[in-house]
Amino acid sequence: NQFIAKMKGNILLKIICIILLSGVCAALDKEEWKNKTIYQIVTDRFARSDKSTNPCTDLRKYCNGTFNGIAEHLDYILEMGFDAIWISPIVDNLEDSYHGYHPRDFNRINAHFGTADELNKLIDKAHSKGIAIMVDVVANHVAPVDVDYKEIVPFNSSEYYHDYCIINEPDWKTNQWRVENCRLMG
């Protein structure tokens with residue numbers, strides 16, 4: 001497919017296109033999703049591949065939860081009465097951003113969670129058990145890099161961002177433009 005070839009390695013777009021082209025997205029319509037019982041998973045915190053159950057010693061760092069760890073616990077999720085899972089954003093993040101909400105490279109899977117192949121195996125295994133999967137996507141911000149965008153792939157230039165300004169406390173009630181165009185923090 002020429003469209004996919006033109007995406008130049010953008011893993012997130014490829015996954016979305018593969019899902020759309022394969023008809024998987026069409027498998028559940030809005031009404032069917034309304035009837036799903038969804039279990040939200042912070043991938044890094046759910047199930048570690050090393051099978052450790054010891055608490056993380058530094059909650060700011062990765063704790064080694066993976067796609068494989070989730071796949072190994074799908075029966076547990078079913079036993080709790082859930083028939084869908086909602087997993088953390090899957091793209092590469094800044095180090096120590098275990099939650100997935102500091103996207104750095106939209107062309108790569110977060111290696112802390114596993115590989116694209118392991119993600120596909122999780123999806124296949126979940127579907128074989130009747131479990132739907134929703135992937136969280138961060139569409140409104142990138143990793144906190146101030147104004148040095150070179151790490152943010154493919155949005156590595158200031159042309160993709162609003163001019164730098166900060167939302168101040170009074171702005172929430174008095175300055176809608178700042179709320180829509182500025183940052184929550186530096």
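Note that the numbering runs from 1 along the sequence shown for the chain.
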*Do any N or O atoms from the side chain of N110 and from the backbone of H112 form a donor-acceptor pair under 3.5 angstrom?*
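Side chain of N110 to backbone of H112: a pair is present.
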
*Heavy atoms from other residues, nucleotides or ligands near OH of Y76 exceed 12 (cutoff 6.0 Å)*: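 It does not: Y76 OH has 12 such atoms or fewer within range.
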
*Would one find more than 12 heavy atoms of other residues, nucleotides or ligands at under 6.0 Å from atom CG of D117?*
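Atom CG in D117 is packed in, count exceeds 12.
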
Rounded to the nearest 0.5 Å, what separates atom [atom1] in [X] from atom [atom2] in [Y]?
| X | Y | atom1 | atom2 | value |
| --- | --- | --- | --- | --- |
| D58 | Y98 | CG | OH | 10.0 Å |
| N64 | F113 | CG | CZ | 10.5 Å |
| Q40 | F82 | CD | CZ | 11.0 Å |
| I41 | F67 | CD1 | CZ | 11.0 Å |

_Qualifying residue for side chain to side chain contact (heavy atoms under 4.5 Å, CB included) with I131, from D83, I85, D75_ = I85

*Do D171 and I166 come within less than 4.5 Å of each other through their side chains, counting heavy atoms only?*
no

*asked:* For K121, is there an ion pair with E118 - N to carboxylate O distance below 4.0 angstrom?
replied: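 So E118 does not pair with K121 through a salt bridge.
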
*Presence of salt bridge, D92 and R104, under 4.0 angstrom*: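 Yes, R104 and D92 are salt-bridged.
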
*Are the ring centres of Y149 and Y161 closer than 6.0 Å?*
yes

